[in-house]
Structures are given as structure tokens and as C-alpha cells.
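Here the structure comes first, spelled out in C-alpha cells, and everything after it is commentary.
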Amino acid sequence: MGEDGPAMSDLIRRPGPGSVPPPTPGRSLSAAAAVAGVLAAGTTLVLCLAVALIGWFLADAGAHGDTTDALRVGADAWLVGHGSHLELTGLPIEITPLAVTMVLVLGAFRGGRRAARHAVEVVDDRVLAGGAATFVGAYVVVAVTVGVLATETGATPGLGRTVLGAVLVAAFAGGLGLAVGTERYDAWVGQVPSWAREVAVAAVTGALALFAAGAVLVGVSLLLSLNEASEVLSSLDLSAGDALALTVVTALVAPNLALLGSAYLLGPGFAVGTGTVVSPTSVSLGAIPAFPVLAALPDEGPTPGWLAALIGVPVLAAAYGVLATGGRALPLDLSAIRGAAAGLLAGVLIALAISLAGGALGTGRLTDLGAPTAEILVFATGTMSVGGLIGGLVQAWLGRRTRADR
């Protein structure tokens, strides 16, 4: 018995072939989120620096300035993408290049999702909130550091707006990435009533449809004015590198231009300088900056009467949002209410996006660039509510017809 005891003990302690070894200790969500916050900010920053450095080298093979100047331009672009206003030799630059902002949001989302997938921790809402706060803190530290280092005589980024923008990007995109990666997002969505999910999806689809319509309008207008744009570009007498830099700048503000196209379709239009207006019913311009893409603006003076029909595009966009997302078959009155609510929310979303598209680009007349937010909100919610209502009625009618065919 004494000899068999140790052997039996070893057999008991030794794991069998089907057993699972105990988990190895891993990184907590907060620790992973802190690293991800730094990496998300750093990755997009490096991307902006690389683009600026390549552009500097292509412009006369780097004959003007040095690498530090190019890197500072890239850092300023990164900061402006967060909504930071830049004071450039006394001139305010307040337009946010929304293409940069979209890259920042995507980078923060991917960073948060990756952090959540590498964390080995049972996550509840409290743990998730702690991870999100850590992600935001790490991201903001990088933003403040870049803002301080990029400040110099003649080019001063607004630190307060940089912090605010960094907090919003990291909290929204990074927090959403963490929620998706930990599957808490699915749990939250499962608790939302189905009608609310249907309204939200239809609203986002309708707002994106109007954004796409604005992009198509700007693209078609620019194609029809290609000769004028070429003349403006020739008059600037740019080198190949400078022309490439101008093309990059135009690409960075392309979402802004599409949103201003959406403002035009909504009716109030937008301004390209103090006292100017560009809308389907009237165009008053005066002198405009020598920017090739502005050749797409319509001629000054009375507009053709048929252009007023473009105001129907937001109605169609909201109706499309309701019809494209489907949803449960509802009675006529409930379907109409759901569609109108989706259209109303779509109008709020697109008005909010349009409000981010403008800003000052200097002093004098150039302090007023963009669309009137209050008017856009009124027109957007009104027209798109009607469109959503129509979409809801059509959806209910189609549902009845399908049931009758069965």
C-alpha cells in the first residue's frame, strides 16, 4: 500500500488527454485599451506625416523648406482633422477636412476592436466603461503632445478644440470598437425594441442616400465645368508637385463638398463668402477664390425653374431609406409613423453632418463658408419626414399586396 500511494497520487495530479489546461494570465481590457489608444492615434498620425513628407519631396524634390516643415504640416493636418482651428500667420483656418476625420474615426474603431479581442477578461458594462475611459485618456495624451510640439510662430493649432475633438473621436469610435470586440454591442442592440432599430437603420440609410446624391451633384457639375476648372488650374501656374498637393487637398475636403451639395439639394444651399448664396432658386457669388473645384458653381443670376424640382431629392432619399431597409409588416398607420420618424431622424443626422462641412478660410469674405445650420435643419427634417412618411405608406401597401398574392 505504501508503495502504491505515490503512484496513484501522480495519476490523479497528471491531466488526462481530454483535460483543458488552466488559462494563462493575459492583458486586462484597460491595459489593452491604453496601448490601443496610443497606437490608434500614432498610426493615423504617422500616415498624415508620411503623406506630407511625400508631398514635400514631390514638390520640387524638396527644394523648399526642410523635412521638419513637412512633418509639421502633416501634424497640423492630423490636428485639424480632429476639429482643431489653425491660426496660420494670423489667418484662421477653421474648415475640418472630413476625409481626415473619417480616417481618424476608422483608426480609433479598429484600435478599440483589436484591443477588445486581445483582452482575456470577462467584460461587463463597468469593465467596458473603464476600458473606454483608458482608451480616451491615452488617445488624448497623444493629441495634446502633438498639439504642443506642432505649435510654432505663425502656425498655432487650437489646443482646446484638439482635446475636444480627440475625446469625441476616441469615445465614439474607440468605445464602439471596444463594444463590438467584446460583443457587448450585440447585447445592447438585443435590448433595443425592434421598431427603434428599424427607425435607426432607415434614418442612417436615408441620410447616406442624400449624402451620395450630393456627391453625384458635385461630380456631375465638375465634369460639366471641366474646361473652366482647367483654365483656373492653368492660371495658377503650379509645378507638378504643387498640382499634386492641390489634388490631395481637394480629396481631403471631398466629403465637405458632397455635404454642401446635399445642402443645395435641401433648398437653403450654401455660401462661399460673406453675402453669397448658392441654391436652386438663386445664385449670388461675386469674387470667389481661385480654387479649381469651385468652377463647378453655377453661374450667377436667376436659375432655371426646373432646378426647384431638385428639392424633391431629399424626399426620395428618405423614402429610399425606409424601403431599402425593409422591416416588419405593420398596419398602415404604424408604418407611416415609423417612416416619418425615420425621415425626421435622417434629417437631423444630415443637418448635423452639413454643419461640420463649413468654416472660415481666412478673414474678410472668407469667414463665411458653409451652409446655414438652422435653415438646413428645418428643411431637412421637414422634407425628409415627408419622404419617410411616403416610404412608410408604400411599404405598408407593398406588404398588403404581398399578403394578398399569397
Side-chain angles (χ1 to χ4, degrees), residues 81 83 95-106 109 168-169 172-173 176 198-224 249-272 278-280 293-294 296-298 307 309-325 339-359 369-388 390-391:
I95 290 182
T96 301
L98 294 180
V100 178
T101 305
M102 293 165 66
V103 171
L104 298 176
V105 169
L106 179 61
F109 173 79
L168 292 176
V169 168
F172 171 73
L176 182 60
E198 292 165 2
V199 167
V201 172
V204 171
T205 304
L208 289 176
L210 184 55
F211 172 77
V216 170
L217 174 66
V218 173
V220 171
S221 300
L222 188 57
L223 284 175
L224 295 176
V249 171
T250 304
L252 294 181
V253 297
N256 303 60
L257 300 175
L259 287 169
L260 293 181
S262 301
Y264 182 90
L265 293 172
L266 283 167
F270 55 91
V272 286
V278 181
S279 72
V293 75
L294 294 182
L297 293 173
L307 282 179
L310 292 177
I311 302 177
V313 174
V315 177
L316 296 176
Y320 169 79
V322 173
L323 293 171
T325 54
L344 177 67
L345 181 56
V348 173
L349 292 176
I350 196 65
L352 178 61
I354 291 173
S355 69
L356 302 175
L369 294 172
T373 301
E375 291 182 44
I376 290 294
L377 180 62
V378 171
F379 275 76
T381 53
T383 56
M384 300 191 82
S385 295
V386 173
I390 294 173

Expected list for residues 261-268: side-chain donor-acceptor pairs under 3.5 angstrom, two or more places apart:
unit_1 : atom_1 : unit_2 : atom_2 : d
Ser262 : OG     : Leu210 : O      : 3.0
Ser262 : OG     : Ala258 : O      : 3.2

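With sequence neighbours excluded, the residues forming a side-chain contact (heavy atoms from CB on, under 4.5 Å) with Ala99 are Leu252, Pro255, listed by chain and number. Under the side-chain contact (heavy atoms from CB on, under 4.5 Å) criterion, Ala209 pairs with Ala317, Tyr320, sequence neighbours left out. Checked against side-chain contact (heavy atoms from CB on, under 4.5 Å), Ile95 has the following partners two or more places apart in sequence or in another chain: Asn256, Leu361, Leu369. For Ala296, the side-chain contact (heavy atoms from CB on, under 4.5 Å) partners two or more places apart in sequence, or in a different chain, are Ser221, Leu222.
Gly206 and Met384 get closest at one heavy-atom pair: O-CE, 3.8 Å. The heavy-atom pair separating Ala318 from Gly343 by the smallest distance is CB-CA, 4.4 Å. Closest non-hydrogen pair, Val322 versus Gly391, comes out as CG1-C, 3.7 Å. In this structure, Ala371 and Gly269 approach most closely via the heavy-atom pair CB-O, 3.5 Å. Minimum heavy-atom separation, Leu260 to Gly370: CD2-CA, 4.0 Å. In terms of heavy atoms, Ala342 sits closest to Ala203 at O-CB, 3.4 Å.
The side-chain heavy atoms of Leu297 and Phe270, taken from C-beta on, include a pair separated by under 4.5 Å. Side-chain contact between Thr373 and Ile354 is absent, with no heavy atoms from C-beta onward closer than 4.5 Å. The shortest distance between side-chain heavy atoms of Leu98 and Leu259 falls below 4.5 Å.
Leu356 CG to Thr101 OG1: the interatomic distance, rounded to the nearest 0.5 Å, is 8.0 Å. To the nearest 0.5 Å, atom CG of residue Leu345 and atom CD1 of residue Ile350 are 11.5 Å apart. With rounding to the nearest 0.5 Å, the separation of CG in Leu323 from OG1 in Thr205 is 11.0 Å. Note that the CG atom of Leu344 and the CG atom of Leu349 stand 9.5 Å from one another [nearest 0.5 Å].
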